[in-house]
Protein chains: 2
Amino acid sequence: MKIGELARRSGRSAHTLRYYERIGLLPPPRRDGSGQRDYDASVLVWLAFLERLRATGMPIREMLDYAALRARGEDTALERCALLEAHRDRVRAHVRLLQASLEVLDTKIEGYHAAHHERTPGT
Amino acid sequence: MKIGELARRSGRSAHTLRYYERIGLLPPPRRDGSGQRDYDASVLVWLAFLERLRATGMPIREMLDYAALRARGEDTALERCALLEAHRDRVRAHVRLLQASLEVLDTKIEGYHAAHHERTPGT
DNA sequence: GCTTGACCTGGAGTGCGCTCCAGGCCGTAA
DNA sequence: TTACGGCCTGGAGCGCACTCCAGGTCAAGC
């Protein structure tokens, strides 16, 4: 598939896909007769996984580390696993922080409602 | 209190505090005889609240909106409340996305462990 | 008197993750 | 044949949230 279709199907722009390739996050695909990128469908799986890492706040630098280990072969599995576990721990901590902050927000919002009811008794 | 102490007590750098003041996120404090900032302790509460907004991913632009409403007085309470509620909804959605991504990560990590056990039977 | 450290200003620089531009090529449809 | 959309490259530009710099002032301690 060409870059436009991959962009549509992966939810990224063609610009971003070329950028990912340039920095080494996406393997260079083969080219067709006129030099255009011709992607294998399997790259969609990789992109979906990268999106999960991105959504959870992993910096590109670290995705590159992961991609490099992956490219080095099967015997880096333990290292890749450790990298993901460390990331997961950070994400869990982040979620806990967000939940604590949500409680503060709830309290604040509740305070606004209470003040409003006080100014407009009977509502 | 001077900027250095406020920086220590609020967990920000003096640079950042001056930056916040410059962009209008922090009210300009009075100055002492030699022109140095002299903060009231109450600003710590405001900074702690801003930190919650920041931790939950609110852009500075929106914090400025909130600060502007606050500066306009009591009768903006409903608008401020609405702003916080909209933000809270976004944060909740973000947390749900993170939790879904955590499950994907868990599955991936579990896969690594399973593969490892398969290669090293008996462990 | 001198050093040290904290503070002051305006403005430049940084790191991240894109995003876009100029200028050009290629294949298809009208 | 000409227009059009999609693709190509290298490199510049952007928005965010700081972060730091140069060059200076000031107060306190030795």
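The chains referred to below are lettered A, B, ... by the order of the sequence lines, with proteins before strands, and numbering in each begins at 1. This is a predicted model, so every value here is computed, not measured.
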Quick check against the 3.5 Å criterion: does B:Asp38 have a side-chain atom that pairs as donor or acceptor with the backbone of B:Met1? yes
Got a donor-acceptor contact below 3.5 angstrom from the A:Ser101 side chain to the A:Leu97 backbone? yes
Picking from A:Arg9, A:Lys2, A:Arg8, what satisfies salt bridge (charged side-chain N to carboxylate O under 4.0 Å, His left out) with A:Glu5? A:Arg9
Please list all pairs passing the salt bridge (charged side-chain N to carboxylate O under 4.0 Å, His left out) test where one or both residues lie in residues 109-119 of chain A, with sequence neighbours left out. none
Between protein and nucleotides 22-27 of chain D, what N or O pairs are separated by less than 3.5 Å?
none

I need the [atom1]-[atom2] distance between [X] and [N], as an integer number of Å.
{"X": "B:Asp32", "N": "D:dA28", "atom1": "CG", "atom2": "C1'", "result": "14 Å"}
{"X": "A:Arg30", "N": "D:dC7", "atom1": "CZ", "atom2": "P", "result": "16 Å"}
{"X": "B:Lys2", "N": "D:dA28", "atom1": "NZ", "atom2": "C1'", "result": "10 Å"}

Residues in side chain to side chain donor-acceptor pair (under 3.5 Å) with B:Glu103, at least two apart? none
List for me each residue that meets side chain to side chain donor-acceptor pair (under 3.5 Å) alongside B:Tyr39, sequence neighbours excluded, and say none if there are none. none
When you check the side-chain N and O atoms of B:Arg72 and B:Thr76, is any donor under 3.5 Å from an acceptor? no
Which ones in residues 13-24 of chain A lie close to DNA chain C, meaning a heavy atom under 4.0 Å from one of its atoms?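 A:His15, A:Thr16, A:Tyr19, A:Tyr20, A:Arg22 - these, ordered by number, are the residues of the stretch whose heavy atoms sit under 4.0 Å from the strand.
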Which class fits the ring pair A:Tyr66 and A:Trp46: parallel under 30°, tilted 30 to 60°, perpendicular over 60°? parallel
Can you name the closest pair of heavy atoms from A:Ile109 and B:Glu85 and give their distance? CG2-OE2, 3.6 Å
Chain A reaches DNA chain C, atoms under 4.0 Å from its heavy atoms, from C:dG17 to C:dG27
Do other residues, nucleotides or ligands put more than 12 heavy atoms under 6.0 Å from the CZ atom of A:Arg61?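 At most 12 heavy atoms, drawn from other residues, nucleotides or ligands, come within 6.0 Å of this atom.
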